[in-house]
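Everything on this sheet refers to the single structure shown next.
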Amino acid sequence: MSETPDSAVRTYIENHRAAFLDDLVEWLRIPSVSAQPEHATDVRRSADWLAAKLRETGFPVAEVWETPGAPAVFAEWPSEDPDAPTVLVYGHHDVQPAAREDGWHSEPFEPVIRGNRLHARGAADDKGQVFFHTLGVRAHLATTGRSTPAVHLKMIVEGEEESGSPHFRALVEEHAERLAADAVVVSDTGMWSEDTPTVCTGMRGLAECEIRLYGPDQDIHSGSFGGAVPNPAIEIARLVAALHDEHARVAIPGFYDGIVELTDRERELFAELPFDEERWLRTARSTAAHGEAGHTTLERVWARPTAEVNGIGGGYQGAGSKTIIPSLAMVKLSFRLVAGQDPDHIAKAVTAWAAERVPAGIRHEITFSGATRPCLTPLDHPALRSLVRAMGRAFQQPIRYTREGGSGPAADLQEVLDAPVLFLGISVPSDGWHAPDEKVELDLLLKGVETSAYLWSELAAGSHEAH
């Protein structure tokens, strides 16, 4: 019996599995830790290795792009079809710090396969998920008889994601013309579980600030002056207490301006996921759920904006007592943002709110750090439907939907390139990103390869249907 197109893809992947894993292991041996200056040459070696491997894969263009920090890798493989859509794949080749003494059962940069799991720093985050596209595009070509991909395929693989992507937006802006795309595929995310394959449709943005309140020019005696001059520690507590109303909604005027509310369909899809709140609470090391009234836990962490106190302090912190009015108090705040919210607007709203609440006799300073914008791809977007079809073919079961509560550089790509972002990740929560014994499930890694093999034809077909 002749093979179906999908079984041909699976056969090709199985026949090339060993060589694919050998290459990935070689890459994982490079300790490309962007946060540690002593590994700067390793990060560069990682970029050079990937560029060479992409050329070997068949990309006619594969370049190392310099930044003021660590280098990125750009690759391009034009389609022979001039009307094909352009797709840009994003990932990163730098990794988190790791050492055996952190609790690893093997050397973090000496990959080892135990059972059906590949253990190494970067196995899931993010080298494994970047690398599955190399075998994916080869399977795509081999089983369709094409000499070029069905889409104009590009890749941008940065080297500083684990250090906060400090130069990434500037890199994208500088090379916006070469990075231009009709859709962006981000392979730096995960799925709900091994049994429940999912596609992520959005990530929250992030704004962060520190507020410092200054009272007396120095700490002063609380007996001589207490009750007669303002106390910055009391005022910082009042400020924090005013962050939320009795329904746990953020009480800063203008905070919710413009947000894209969850649709009824999205709420239904979230509710279909096999969410065990008690188990989730154990993971959170907490005993009770809490948050904005009228929303489920998943809605709160994926699709609602938040204001959190990350640190608060002021006055005497040592043993015993020291009866003073402190001269200084501070709080560090972070705001997770959803689609429709603008970090610049949030900064202005928070600044105005804080200034209005600070009493006479207290001087305040507020400092915002770099922000990340939220991104969201609507459920009915043709490119998202193409991704769901490709994943469904690979996993041979329905694909469900999630969002990410965290933040990342995907929003920069969406905003600068004006293109929808698709999240193709096969990692599961047990993979232990940033933790000892990070691993990737090999069966899921190969499902990522298979999804990639189908995706380019699906996106090309979806693009033609949309037009």
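If you're wondering where the values come from, they're calculated on a predicted model, not measured in any experiment. Numbering starts at 1 and runs along the sequence shown.
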Check your understanding: Could you walk me through whether E450 and R10 pass the side chain to side chain contact (heavy atoms under 4.5 Å, CB included) check?
Key -> CA-CA 7 Å; E450 191 178 343; R10 294 184 191 109; 2.8 Å; yes
Side-chain donor/acceptor of [X] to backbone N/O of [Y], under 3.5 Å:
{"X": "D94", "Y": "E161", "value": "yes"}
{"X": "E160", "Y": "A70", "value": "yes"}
{"X": "H119", "Y": "D437", "value": "yes"}
{"X": "S407", "Y": "R204", "value": "yes"}
{"X": "T283", "Y": "L281", "value": "no"}
{"X": "T198", "Y": "W192", "value": "yes"}
{"X": "R285", "Y": "R282", "value": "yes"}

Between [Y] and [X], do the side chains contain a donor N or O and an acceptor N or O under 3.5 Å apart?
{"X": "T377", "Y": "T201", "value": "no"}
{"X": "H434", "Y": "D125", "value": "yes"}
{"X": "R45", "Y": "S32", "value": "no"}
{"X": "H244", "Y": "E292", "value": "no"}
{"X": "H39", "Y": "D42", "value": "yes"}
{"X": "Y214", "Y": "E365", "value": "yes"}
{"X": "E63", "Y": "W65", "value": "yes"}
{"X": "T148", "Y": "W77", "value": "no"}

Review point. In Å and rounded to the nearest 0.5 Å, what is the CG to CG distance from L88 to L179?
Key: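 With rounding to 0.5 Å, CG (L88) is 5.5 Å from CG (L179).
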Practice item. With sequence neighbours excluded, tell me which residues meet side-chain hydrogen bond (donor to acceptor under 3.5 Å, both in side chains) with D276. Key: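 Not a single residue meets the side-chain hydrogen bond (donor to acceptor under 3.5 Å, both in side chains) criterion with D276.
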Check your understanding: According to the interplanar angle, ranging from 0 to 90°, do the rings of F335 and F255 count as parallel (below 30°), tilted (30 to 60°) or perpendicular (above 60°)?
Key ->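 Rings of F335 and F255: tilted, 30 to 60°.
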Exercise for review: Measure the acute angle between the ring planes of W49 and F131, then classify it against the limits of 30° and 60° as parallel, tilted or perpendicular.
Suggested key: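 Tilted: the ring planes of W49 and F131 meet at 30° to 60°.
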[X] versus [Y]: any side-chain heavy-atom pair under 4.5 Å?
{"X": "V89", "Y": "L153", "answer": "yes"}
{"X": "M330", "Y": "I312", "answer": "no"}
{"X": "R100", "Y": "W104", "answer": "yes"}

Exercise for review: I would like to know whether V87 and W456 meet side chain to side chain contact (heavy atoms under 4.5 Å, CB included); could you show each step before the answer?
Suggested key: CA-CA 8 Å; V87 182; W456 315 129; 3.7 Å; yes
**Study point:** Shortest non-hydrogen separation from G405 to W302 and the atoms involved
**Key:**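 Shortest heavy-atom separation between G405 and W302 comes out as N-CD1, 3.7 Å.
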Practice item. Please name the pair of heavy atoms, one in L417 and one in A176, separated by the smallest distance, quoted to 0.1 Å. Key: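 So the minimum-distance heavy-atom pair works out to CD2-O, 3.9 Å.
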**Study point:** Residues R403 and E266 bridged, charged N to O under 4.0 Å
**Key:**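 Looking at R403 and E266, the cut-off is met.
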**Study point:** Ion pair check, K439 and E441, cut-off under 4.0 Å
**Key:**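 Looking at K439 and E441, the cut-off is met.
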Practice item. Starting from the C-alpha separation in whole Å, work towards a yes-or-no answer on side chain to side chain contact (heavy atoms under 4.5 Å, CB included) for V151 and T86. Key: CA-CA 6 Å; V151 300; T86 300; over 6 Å; no
Review point. Looking at Y90 versus F168, is the centre-to-centre ring distance below 6.0 Å?
Key: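 Yes.
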Check your understanding: Would you find more than 12 non-hydrogen atoms of other residues, nucleotides or ligands less than 6.0 Å from D102 atom CG?
Key ->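 More than 12 heavy atoms, drawn from other residues, nucleotides or ligands, come within 6.0 Å of this atom.
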Check your understanding: Does a sphere of radius 6.0 Å around NE2 in H105 hold more than 12 heavy atoms from other residues, nucleotides or ligands, not counting ones at 6.0 Å or beyond?
Key ->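 Counting other residues, nucleotides and ligands, NE2 of H105 stays at 12 neighbours or fewer.
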Exercise for review: Would you check, one step at a time, whether the test side chain to side chain contact (heavy atoms under 4.5 Å, CB included) holds for R29 with F109?
Suggested key: CA-CA 5 Å; R29 287 198 176 103; F109 296 105; 5.7 Å; no
